[in-house]
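For ligands, and for the atoms within them, numbers begin at 1 and follow the listed sequence.
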Amino acid sequence: MITKPKGTTDLYGIEGKKWEYVNSMIREFCEMYNYDYMRTPVFESSELYHRSVGETSDIVTKETYDFKDRHDRELTLRPEGTAGIVRSYIENKMYANNSDPVKVYYNYPMYRYERPQAGRMRELTQFGLEVLGGDDPMLDAEIISMPYRLFEELGIDNVTVMINSLGDKESRDNYRKTLVEYLTPKIDTLCSDCQNRLKTNPLRILDCKVDKDSEVLKNAPKIMDSLNDESKARFEKVLEYLRLMDIDYEIDQNIVRGLDYYDHTVFEYAVDIPELGSGATLGGGGRYNSLVEELGGPATSCVGFAAGLDRVVLAMDYLNLFDKLNKSIDCYVMYVNEEEKMKAIEITQNLRLNGIVTELNNTNKNLKAQFKSADKYNAKQLVILNSEDLFKGLVTVKDNITKEEQKIDEYELVDYLISNL
Ligand code: HAM
C-alpha cells in the first residue's frame with residue numbers, strides 16, 4: 001500500500017468540515033478588515049528564502065524542501081509566506097502610484113522538513129496577513145489585534161500576546177555587541193546550537209528551547225536597555241494602541257523570532273493547550289522594514305503575521321469548539337420510480353438554487369434506506385415524491401424532527417421550506 005508522506009494529512013469527513021469552518025471565518029474576518037486575498041507560487045527560487053528568511057536560520061539550514069527542475073534551476077517549496085509576497089510586491093510594482101498600504105491575507109500550505117508531532121507538520125497550513133508600505137505603529141497594533149480577535153471569535157479565548165521590540169538597526173547592533181560580550185565567557189555552558197549561534201545569530205540564543213531555564217540566559221542583558229530613544233518611543237506607541245484596542249499583552253524580552261527579517265515589533269500568540277506541548281505558539285509575526293529593499297525594491301516599511309492552522313484546529317478540538325459542527329442539511333428528497341426521479345432532480349436543483357441545502361436519493365435506494373440516509377445527514381425536512389400526488393401537482397413534506405406531514409402544492413415548496421427551516 002502506498003501511504004502519505006510523513007508529516008502530511010488527508011482531510012476528509014468531519015475534519016474537512018472543521019477546516020472549512022475555520023477558513024470561512026478567516027475569509028469573513030479579512031473582508032471585514034479590508035484585506036485582499038493574495039496567492040503566490042508554491043515554489044520559488046531557493047535564493048529568495050536564503051536572502052529573506054536568512055542563511056543561518058533553522059528554516060533554511062535544516063528545513064527547506066529544495067530541488068532542481070529539469071533545467072537545473074534551484075527551487076524551494078515555500079516554507080513561509082512573507083518572502084513570496086514581498087517578491088511579488090516588488091516584481092509587480094505594487095508600490096507604484098500607491099500612497100495607501102497594500103494589505104493582503106493568505107491561507108495555504110507551507111513545507112518544512114521538521115520532526116512531525118502534534119501541531120508540527122511537514123506540510124503545514126498558514127493563515128497570514130501582510131501590510132506593505134506603512135510605518136505607523138497603528139498598523140502594528142492592527143496586525144496584532146486582528147488574529148487575537150479572530151482567535152476569540154473562534155472560541156480560543158485564552159490567548160496571550162507576547163510582545164517585544166528588536167528596535168532599529170542601531171539598537172540591534174548595540175544589543176548584539178553587549179550580548180556577545182556577556183555570553184562569550186559563558187558559552188561552554190550552553191548547548192551546541194547556541195555555541196554556533198554566538199557567531200552566526202547571537203540573538204537567537206535567547207529563545208533556545210534547550211537552554212531556556214539556564215541562569216546564564218535568565219541573567220542576560222535585556223534588549224530594552226539597548227533600544228535607542230526613537231525605537232523605545234515607537235514601541236511605547238504600539239503598546240498604547242494595543243491598550244486602546246483592549247488587547248491583553250505581556251512583554252517578553254526573549255522573543256526574537258526564528259526568521260532574520262524582523263526589526264522593531266515582534267510578537268507571538270501563546271496558548272496553554274497541553275496537546276501542543278509547552279511553549280507552543282499559535283502564530284507570530286512582526287515588523288520587517290528592510291526586507292523589500294534588501295530584495296531589490298524601494299524602501300518600504302512592512303508588518304505581518306502568520307498562524308499555523310494545524311495548531312489552531314488542534315486547540316479548537318481540545319476546547320471542544322467544533323461540537324456544534326455536526327453535519328446537518330435542510331432537506332432530503334425521496335423517490336422510488338423513474339418518473340419521480342425526474343421530478344426529484346428538478347426539485348432538488350430548484351431548492352439548491354434557492355439556498356436550501358439539499359441532498360437526494362443518489363443510489364436508487366428503497367424508501368426505508370432513504371429514510372436512513374436522511375437521518376445520517378441529519379436532514380431537517382423530507383420531501384417525499386410519489387407519482388399519484390405528482391399527477392395532482394402535490395408533494396409530501398415531512399418534518400424530520402416533529403414527524404408531522406403535509407401535502408403541499410409543488411410551486412409553494414420553496415416558500416414552505418424556507419418558512420419552516
Ligand atoms: P513562523 O513563526 O515561522 O513565522 O510561523 C508562524 C506560525 O506557523 C507558527 O507560530 C506556528 O503556529 C506555525 N508553524 C510553523 N511551523 C509549523 C509546523 N511545522 N507545523 C505546524 N505549524 C507550524 C512565519 O512564518 C512568518 N512568515 C510570519 C510573518 C508574516 N512575519 C511577518 N509576516
Side-chain angles (χ1 to χ4, degrees), residues 5-9 19 22 35 38 40 44 48-49 52-54 57-60 62-65 77-87 89 101-132 134 139-140 142-144 146-147 150-151 156 159 161-164 166 204 207 209 255-271 273 275-277 279-292 300-316:
K6 223 173 149 183
T8 64
T9 31
W19 280 77
V22 173
Y35 282 62
M38 178 159 177
T40 61
E44 297 267 4
L48 174 67
Y49 298 112
S52 55
V53 174
S57 65
D58 282 356
I59 293 180
V60 164
K62 303 182 199 159
E63 295 168 7
T64 48
Y65 280 87
L77 291 185
R78 72 177 162 228
E80 60 98 51
T82 313
I85 300 269
V86 169
R87 194 255 327 123
Y89 176 81
V102 172
K103 292 182 170 185
V104 296
Y105 79 95
Y106 49 92
N107 178 359
Y108 39 60
M110 313 284 165
Y111 299 85
R112 296 186 186 181
Y113 194 82
E114 293 203 73
R115 201 157 53 83
Q117 50 187 284
R120 190 173 294 282
M121 306 297 295
R122 290 187 174 166
E123 182 180 62
L124 56 130
T125 302
Q126 277 188 350
F127 152 55
L129 301 167
E130 312 291 349
V131 175
L132 303 115
L139 293 167
D140 304 42
E142 176 170 296
I143 283 283
I144 294 169
M146 217 172 135
L150 173 69
F151 293 143
I156 315 173
V159 174
V161 177
M162 311 301 289
I163 188 168
N164 191 19
L166 302 177
R204 284 285 284 145
D207 71 356
K209 300 285 175 280
I255 293 184
V256 292
R257 311 270 305 127
L259 306 97
D260 281 1
Y261 46 63
Y262 294 111
D263 48 22
H264 292 292
T265 318
V266 281
F267 58 93
E268 289 177 351
Y269 298 89
V271 69
I273 305 274
E275 260 75 353
L276 291 176
T281 53
L282 287 185
R287 201 159 254 294
Y288 50 100
N289 285 352
S290 329
L291 186 58
V292 174
T300 309
S301 299
C302 305
V303 60
F305 140 91
L309 289 192
D310 307 84
R311 294 183 190 182
V312 171
V313 170
L314 267 178
M316 290 178 70

Would you say Gly119 contacts ligand 1, with heavy atoms under 4.0 Å as the rule?
yes
Ser290 and Asp263: which non-hydrogen atoms are nearest, and at how many Å?
OG-OD2, 3.6 Å
Side chain or backbone of Arg112 under 4.0 Å from ligand 1, or both, or neither, by non-hydrogen atoms?
side chain
Contact summary for Pro101 and Val131, nearest pair of heavy atoms
CB-CG1, 3.6 Å
Taking all atoms of both residues into account, what is the closest heavy-atom pair of Leu291 and Tyr261, and its distance?
CD2-CD2, 3.8 Å
closest protein heavy atom to atom 29 (C) of ligand 1 is Tyr262 OH, 3.4 Å
For ligand 1, which atoms have a heavy atom of Gly285 less than 4.0 angstrom away?
31 (N)
Side chain, backbone, both or neither: which applies to Glu268 and ligand 1 if a contact is any heavy-atom pair less than 4.0 Å apart?
neither
Of the listed options (Gly283, Gly304, Ala118), which comes nearest to atom 9 (C) of ligand 1 when hydrogens are ignored and any heavy atom counts?
Gly283
At under 4.0 Å between heavy atoms, is it the side chain or the backbone of Arg257 that contacts ligand 1, or both, or neither?
side chain
Answer yes or no: is there an ion pair linking Glu268 with Arg257, defined by an N-O contact shorter than 4.0 Å?
yes
Any heavy atom of Tyr111 under 4.0 Å from ligand 1? The part involved is neither
Looking at Gly81 and Gln126, what are the two nearest heavy atoms and their distance?
N-OE1, 3.9 Å
State the atoms of ligand 1, each with its element, that fall below the 4.0 Å cut-off from a heavy-atom position in Met121.
18 (C), 19 (N), 20 (N), 21 (C)
Take Val86 and Ser52 through the side chain to side chain contact (heavy atoms under 4.5 Å, CB included) test and state the conclusion after the steps.
CA-CA 9 Å; Val86 169; Ser52 55; over 6 Å; no
Does any donor atom in the side chain of Tyr113 or Glu63 lie under 3.5 Å from an acceptor atom in the other side chain?
no
Protein residue, atom and distance nearest to atom 26 (C) of ligand 1, heavy-atom basis:
Tyr261 OH, 3.3 Å
Below 4.0 Å, non-hydrogen atoms only: which portion of Gln126 touches ligand 1? Side chain, backbone, both or neither.
side chain
Nearest heavy atom to atom 23 (C) of ligand 1, choosing from Asp310, Val53, Leu124, belongs to Leu124
Does the cation-pi check pass for Arg78 over Tyr108, that is, NZ or CZ under 6.0 Å from the six-membered ring centre and within 45° of its axis?
yes
Gly308 N/O to ligand 1 N/O under 3.5 Å:
yes
Find all atoms of ligand 1 within a distance of less than 4.0 Å from any non-hydrogen atom belonging to Gly284, and give their numbers and elements.
10 (O), 28 (C)
Quick one: which ligand 1 atoms are inside 4.0 Å of a heavy atom on Glu114?
16 (N), 17 (C), 18 (C), 19 (N)
Can you find a side-chain donor-acceptor pair between Thr64 and Tyr49 that sits under 3.5 Å?
no
Go through ligand 1 atom by atom and flag the ones less than 4.0 Å from a non-hydrogen atom of Glu130.
30 (C), 32 (C), 33 (N)
Using 0.5 Å steps for rounding, measure from the CG atom of Asp58 to the CZ atom of Arg204.
5.0 Å
List every atom of ligand 1 that sits less than 4.0 Å from any heavy atom of Glu80, numbering the atoms from 1 in the order shown and giving each element.
25 (O), 26 (C), 27 (N)
How does Leu259 reach ligand 1, by side chain, by backbone, by both or by neither, if only non-hydrogen atoms under 4.0 Å count?
side chain
Please state which protein non-hydrogen atom is closest to atom 7 (C) of ligand 1 and give its distance, to 0.1 Å?
Ala306 O, 3.6 Å
Closest approach of any protein heavy atom to atom 11 (C) of ligand 1, naming residue and atom
Arg311 NH1, 3.4 Å
Give me the residue, atom name and distance of the protein heavy atom closest to atom 12 (O) of ligand 1.
Leu282 O, 3.0 Å
State, to 0.1 Å, how close Gly54 and Asp260 come at their nearest heavy-atom pair, and which atoms those are.
CA-OD2, 3.3 Å
Between the side chains of Tyr65 and Glu123, does any donor sit under 3.5 Å from an acceptor?
no
For ligand 1, indicate whether the residue Thr281 contacts it via side chain, backbone, both or neither (heavy-atom separation under 4.0 Å).
both
Any idea which heavy atoms bring Tyr269 and Gly284 closest together, and the distance?
CD1-N, 4.3 Å
